[in-house]
Amino acid sequence: MDVKASDGVAHPSEHDPDEGGHFGRYGGRFVPEALIAALDELTVFYQKARADPEFLDELDRLHRDYTGRPSPLTDAPKLGEHAGGARILLKREDLNHTGSHKINNVLGQALLTKRMGKKRVIAETGAGQHGVATATACALMGLECVIYMGEVDTERQALNVARMRLLGATVIPVKSGSRTLKDAINEALRDWVTNVDETHYLLGTVAGPHPFPAMVRDFHRVIGMEARAQVLDRVGRLPDAVAACVGGGSNAIGIFHAFLDDPGVRLVGYEPGGDGVETGRHGATLSEGSPGALHGAMSYLLQDEDGQTAESHSISAGLDYPGVGPEHALLKDLGRAEYSPVTDAEAMEAFALLCRTEGIIPAIESAHAIAGALRLGRELGPDAVILVNLSGRGDKDVDTAARWFGMVEGESAAEASGTAIAEADLSGRSPAQDEPSPAGADTGAVQR
Amino acid sequence: MSRVEKIFQDCRAQGRAALVGYLPAGYPTVDGSVELLSAMVEGGCDLLEVGVPYSDPVMDGPTIQAAADTALRAGFRLRDVFAVVERVSAAGGRAVVMTYFNPVLRYGVDAFARDLAAAGGLGVITPDLIPDEAGEWIEASDAHGLDRTFLVAPSSSEERIASTARAARGFLYATSTMGVTGARDAVASAAPALVERCRRHTSLPIGVGLGVRSAEQAAEVAAFADGVIVGSAFVTAAERAGADGVRDLAAELAGGARRGAPASAATGA
Ligand SMILES: Cc1ncc(COP(=O)(O)O)c(C=O)c1O
């Protein structure tokens with residue numbers, strides 16, 4: 001395969017925003033004037049770098065020797081049996097160094113940071129994957145690293161907090177607001193306004209003010225470029241659908257972009273449905289939100305009647321965000337991509353299924369995309385080819401999953417876990433046929 | 001001439017800088033904020049900045065964040081800001097609204113301008129709206145006769161200072177430092193230079209904010225700017241001593257703004 005990791009950077013997209021960073025009515029810069037100079041500087045350095053063979057070569061070298069690109073494409077036939085017999089192909093971003101797609105963007109921006117002569121990097125993180133990738137790149141390149149993380153997320157992703165600290169980063173738990181990703185971004189923006197001279201804000205998704213949405217996307221376009229070539233090579237045709245989870249939208253836009261001009265390929269983004277959109281406790285920004293400005297860009301967001309940002313809810317820290325990247329807002333309005341919520345329970349069911357069928361423990365974020373692929377397969381039938389972005393691996397989520405499925409000694413199972421694991425049962429028996437185990441149906445199902 | 005610009009000019013004619021005091025509407029309650037803002041007028045605030053509490057105030061430090069939080073938790077609704085403006089105006093205050101842009105977008109940009117003008121508000125300060133993105137707001141503020149204040153920062157290029165000043169009406173807000181709101185011990189050294197640069201591009205009055213909390217600092221700012229903008233210190237004073245606290249602080253700061261103004265300013269530059 002002759003896709004280079006830097007191709008998405010070197011070759012401007014046909015779907016670039018206008019000069020002000022507008023994707024249709026979305027995007028732009030809704031930030032304090034104090035940040036405009038830094039955003040302009042970043043734009044200039046990025047434009048110069050993408051035309052500079054030295055930068056592109058360095059990015060390619062790092063992605064080959066450090067990240068481990070290209071990431072493989074894995075056939076998931078046993079998972080496919082649960083998806084109406086469709087052929088499911090997993091794009092294995094989980095196998096990248098640091099365990100997710102986030103490293104694609106981080107290495108690019110870390111190289112830019114050095115070019116700009118800045119010595120300090122700040123970043124927000126939800127699941128901790130972006131924080132870990134950023135801490136990793138900073139260790140590699142000798143940059144000071146400060147990570148803002150909502151206090152709630154530091155608790156549910158404790159493993160990643162430890163990883164970041166091992167890598168030499170300072171992790172600051174954010175105690176304001178909902179104490180999740182949204183508030184970590186607020187705090188990072190405040191730091192940036194204050195220290196912008198020596199600091200680069202290494203934003204972790206395709207949101208924020210211009211140039212972030214387009215630039216971060218470009219660093220992730222490699223996912224779709226590789227996958228498109230791999231699917232053509234393996235199957236001899238394009239997939240019928242591409243599925244990805246959507247938090248801020250970076251892994252989704254990364255894989256979608258290569259297929260935007262293939263009208264026969266459905267692009268479907270799966271948002272965190274939390275307890276179910278009808279409960280109001282979810283993070284399904286595109287499905288349930290409305291246009292507005294948050295964190296520097298016009299896009300869809302979850303908000304109340306007064307324009308106050310609503311709190312999002314999801315079992316997945318990386319998707320627990322009431323905003324979304326502006327290009328997705330445009331793709332939704334154009335009808336080129338579809339977005340649909342997946343509840344915590346449905347995602348965890350898919351999580352368990354992938355573990356048991358294919359021996360792959362996905363990130364809970366990515367499990368939302370797996371759940372989506374199961375739906376798509378059942379809808380499209382056995383001849384369908386479905387490409388899924390497996391954006392990350394689940395090591396960080398083992399604790400959450402063990403609790404959900406009631407696998408933790410001395411703790412009772414989450415209410416929904418019985419259903420989730422029972423439906424993920426691979427024996428083909430219905431839960432009703434199971435012998436109730438002495439320890440109760442939930443643990444019984446798990447121990448099977 | 002715009003009504004806000006007139007306030008600055010009148011102060012200048014009296015040989016002093018204008019004192020601009022900020023407080024979030026609805027802090028600690030809607031009625032409480034009217035009382036506090038009225039006391040700030042009594043103490044000597046020439047112009048009030050009535051803040052709209054917002055869930056994601058990225059330009060604000062801990063003090064104003066906490067105040068906005070208190071207001072929102074007490075049930076502040078966006079429409080309350082019009083009531084607050086109306087009531088403090090009736091009490092003799094002159095008010096502009098300071099708001100992040102999303103609440104305005106959500107309310108409807110034109111509807112917001114219409115209802116604010118009807119309530120007696122004079123204009124709006126938009127900390128996260130740059131003129132480049134402000135097409136709809138410029139139209140609405142023109143249509144309803146409101147002034148519009150944009151911010152400039154020490155990092156702003158000459159070009160941006162010029163274009164921002166061109167888009168503004170009433171006064172220009174110069175942020176004294178790179179940073180968020182919050183009282184500081186010293187007025188940043190970047191402020192005089194920024195104001196100096198602004199003067200090259202505009203004859204609009206220039207208010208300086210971020211970090212001012214004492215009469216000494218007010219005097220320092222008044223020596224080179226047309227307005228002294230104070231926010232966090234009023235919130236802290238309200239927390240400590242309510243209406244008396246903010247009235248006393250306003251009087252103290254107004255004293256500084258009088259003392260500090262260069263004598264030549266009395267003739268009106
Ligand atoms: C594995 C994984 N997938 C997806 C996401 C969501 O981010 P995005 O929507 O930008 O891809 C995260 C964020 O932390 C993540 O860790």
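Just so we're clear, the structure is a prediction, and the values are computed from it rather than from any experiment.
The minimum heavy-atom distance linking A:Ser290 with B:Arg106 is given by the pair OG-NH1, 3.0 Å. Nearest heavy-atom pair across B:Ser155 and A:Ala34 is OG-O, 2.9 Å. Contact detail for B:Thr164 and A:Glu33: the closest heavy-atom pair is OG1-OE1, 4.4 Å.
In terms of non-hydrogen atom pairs under 4.5 Å with chain B, the most contact-rich of A:Met298, A:His295, A:His22 is A:His22. Annotation: maximal heavy-atom pairing with chain A below 4.5 Å, among B:Leu105, B:Thr126, B:Val52, occurs at B:Leu105. With chain B as the partner, the residue from A:Ala37, A:Ala310, A:Gly292, A:Ala293 showing the most heavy-atom pairs under 4.5 Å is A:Ala293. Between chain A and the options B:Pro127, B:Ala153, B:Pro62, B:Pro131, the largest number of non-hydrogen pairs under 4.5 Å is found for B:Pro127.
At least one side-chain heavy atom of A:Arg190 sits less than 4.5 Å from a side-chain heavy atom of B:Pro57. Residues B:Asn102 and A:Leu294 are not in side-chain contact: their nearest non-hydrogen atoms beyond the backbone lie 4.5 Å or more apart.
Interface residue A:Val31: only backbone heavy atoms are found under 4.5 Å from chain B. For B:Asp69, no part sits under 4.5 Å from any heavy atom of chain A, backbone or side chain. Interface remark: B:Tyr54 contributes backbone and side-chain atoms alike to the contact with chain A (heavy atom separation under 4.5 Å). Proximity to chain A involves both the backbone and the side chain of B:Ser156, based on heavy atoms less than 4.5 angstrom apart. Using a 4.5 Å cut-off between heavy atoms, B:Pro53 touches chain A through its backbone atoms (N, CA, C, O) alone.
Ion pair B:Asp132/A:Arg29 not flagged as a salt bridge, since none of the NZ, NE, NH1 or NH2 atoms sits closer than 4.0 Å to an Asp/Glu carboxylate oxygen. Contact check on A:Asp306 versus B:Arg77 returns a salt bridge, with a Lys/Arg side-chain nitrogen under 4.0 Å from an Asp/Glu carboxylate oxygen.
The distance from the OG atom of A:Ser178 to the CG atom of B:Asp56 is 8.0 Å, given to the nearest 0.5 Å. Note that CG of B:Leu151 is 11.5 Å distant from CD1 of A:Ile36, once rounded to the nearest 0.5 Å.
A distance-only check finds a donor-acceptor pair linking the side chain of B:Ser55 to the backbone of A:Thr309 [under 3.5 Å].
Heavy-atom contacts from other residues, nucleotides or ligands closer than 6.0 Å to CD of B:Glu159 number 12 or fewer.
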